[in-house]
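Presented below is the structure to which this report refers.
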Amino acid sequence: MKFYFPDSQDLVSPTYDFLRDEYATHRVRQRDDRYAHEVLEQAPYHGVLASKSIVDGSVKGAGRYSGAQRARMYRMGVRRFFRLPDEVETLGDNGAFNYVDEEVPPVTAEETLDFYDECGFDAGVSTDHIIFGYAPGATEANVDSQWAQRRRLTLRLAEQFIEAVRERRSTVQPVGAAQGWSPDSFADSVHALQTMGYERIALGGMVPLKTNQILACLTRIHEVLKPETELHLLGITRIDSMDDFANFGVASFDSTSAFRQAFMDDRKNYHTAERAYVAIRVPQVDGNPTLKRSILAGAVSQKEALAAERDALKALRAYNGTVRARWACIDALGTYEMVCQSKKSYLAAYDETLADAPWTHCRCKVCTQHGIEIAIFRGTERNKRRGFHNMSVLAQRMSVLSSNTRRA
């Protein structure tokens, strides 16, 4: 089972000063900052997925890339741009989430292939249009007409895409996009894509589905799946179900879930093989927008907030695993919560995180280098490094997946 990490320009600065919370004066982001595969001893993913809409922009406006970055991507190619080791693959897609509200995709199959060819991707997904909905009993005749139209359009674009690949003799491996709203509609899409000649198929629009619904679709798809066809799940992790997914022909998936939970989830911020912990929130007085607004409104004293912030960080950095040191941390964190007038207290969860101190048992490079700083929820440099750590845990969990064959 292969894991692809979707690119969203997630890098960290190797020269960032954690004590002063400052970047080096002469730092140049693209030149100096590092991707997860450059920070960790081993890449925590088998491949990188880059979306055309992230690089080129879409109907919603500019993408995540500046003009200079975009030009560099096209000039250098995707492998050199990401400074990828040989074993890390590249996969391109359109980023259909960015035009989900449009009646038709704002890009043609030929333009999609242009992006893949010019940037030198190993493989690329055909242009598709997402169906966000699940109606297992609905047929083509009685389902929402827009859903039916999007599925047919996705198949037409897939046919145009693979024809363009053949006509150009492109080196990009074509990956057919399958959309559907039910087990039967997904199976029909997969059957049609195989008839076109696709041996690798990406299943889209499944992010909102429950695991049992995904399994229902995979069970039906398996009935029409050829032995040589490999399935890719777009935007799906569900690591606990990966063995089951593999039994039905799923060979790869992509997701930002493990990474984004480091700073987007309310509770599951720091992952281990056994469980997830709450990261310890010490927001920057000068860098947290909510806290700054409270200070400007006179609701929070800037002087008291700065002192409480300093004391919390000092206590955490002095933490040595003893009960006394843990209480000192909780006291300082409680004072900071009170001064900042936090709407929610995490002190009980912090006590658990500190008691177990999971970073002391982790051998990944970010934890061994930065220690407790990785468990502190504070600014992009710590938060993204914690995301890198989470992906290393995901890689470890994937390495022990038992299933390598499909269910008969």
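Using cut-offs of 30° and 60° for the angle between ring planes, the His222 and Phe248 rings count as perpendicular. Ring geometry, Phe97 versus Phe132: the interplanar angle falls from 30° to 60°, so the pair is classed tilted. Between Tyr350 and Tyr346, the two ring planes are parallel [angle under 30°; tilted spans 30° to 60°]. Note on ring orientation: taking the six-membered ring where Trp is involved, the planes of Tyr35 and His37 are parallel (angle under 30°, cut-offs 30° and 60°). Using a 30° and 60° split on the angle between ring planes, His370 and Phe18 fall in the tilted class, from 30° to 60°. The aromatic rings of Trp181 and Trp147 lie tilted to each other, with the angle between the two planes from 30° to 60°.
For the 3.5 Å distance criterion, the side chains of Tyr65 and Asp7 qualify, holding a donor opposite an acceptor. Between the side chains of Ser53 and Asn98, at least one donor-acceptor pair of N or O atoms lies under 3.5 Å. At a cut-off of 3.5 Å, with distance as the only test, a side-chain donor of Asn320 or Thr322 sits close to an acceptor on the other residue. For Ser255 and Ser257, the side-chain atoms include no donor-acceptor pair closer than 3.5 Å. A side-chain N or O of Glu337 and one of Ser345 form a donor-acceptor pair less than 3.5 Å apart. In this model, a donor atom of one side chain and an acceptor atom of the other lie less than 3.5 Å apart for Gln173 and Arg200. Using modelled atom types and a 3.5 Å distance limit, the side chains of Thr229 and Gln194 yield a donor-acceptor pair. With hydrogens and angles left out, the side-chain atoms of Gln149 and Glu103 include no donor and acceptor closer than 3.5 Å. Side chain to side chain, Asp356 and Tyr277 meet the donor-acceptor criterion of an N or O pair below 3.5 Å.
Scanning all heavy atoms of the two residues, the minimum distance from Met1 to His46 falls at O-CE1, 3.4 Å.
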Audit row: Arg238, Asp244, salt bridge (Lys or Arg N to Asp or Glu O under 4.0 Å) steps and yes/no: CA-CA 10 Å; Arg238 318 283 173 92; Asp244 292 328; over 6 Å; no

side-chain hydrogen bond (donor to acceptor under 3.5 Å, both in side chains) between His271 and Gln261, worked out: CA-CA 9 Å; His271 296 183; Gln261 281 186 328; 2.9 Å; yes

Chi angles and distances behind the salt bridge (Lys or Arg N to Asp or Glu O under 4.0 Å) call for Asp114, Arg168: CA-CA 10 Å; Asp114 288 342; Arg168 297 186 191 184; 2.7 Å; yes

Residue pair Tyr4, Tyr45: steps toward the ring-ring contact (aromatic ring centres under 6.0 Å, His included) verdict: CA-CA 6 Å; Tyr4 288 77; Tyr45 32 70; 9.2 Å; no

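A salt bridge links Arg382 to Asp21: one of the charged nitrogens lies within less than 4.0 Å of a carboxylate oxygen.
Between the side chain of Asp254 and the backbone N or O of Pro6, no donor-acceptor pair lies under 3.5 Å. Side-chain N or O atoms of Arg220 include none that pairs as donor or acceptor with a backbone N or O of Asp188 at under 3.5 Å. In this structure, Tyr116 contributes its side chain and Thr171 its backbone to no donor-acceptor pair below 3.5 Å. Using a distance-only test at 3.5 Å, with no hydrogens or angles considered, a donor-acceptor pair links the side chain of Ser182 to the main chain of Ser185.
For Met76, the CE atom is densely surrounded, since the number of other residues' heavy atoms within 6.0 Å is greater than 12.
Stacking of Arg27 on the aromatic ring of Tyr23 is recorded, both the 6.0 Å distance cut-off and the 45° axial limit being met. The cationic group of Arg386 lies under 6.0 Å from the six-membered ring centre of Phe377 and within 45° of the ring axis, placing it in a cation-pi geometry.
Within the 4.5 Å cutoff, the side chain of His232 has no heavy atoms near those of the Leu203 side chain.
Ring to ring, Phe245 and Phe253 are not that close: their centroids are 6.0 angstrom or more apart.
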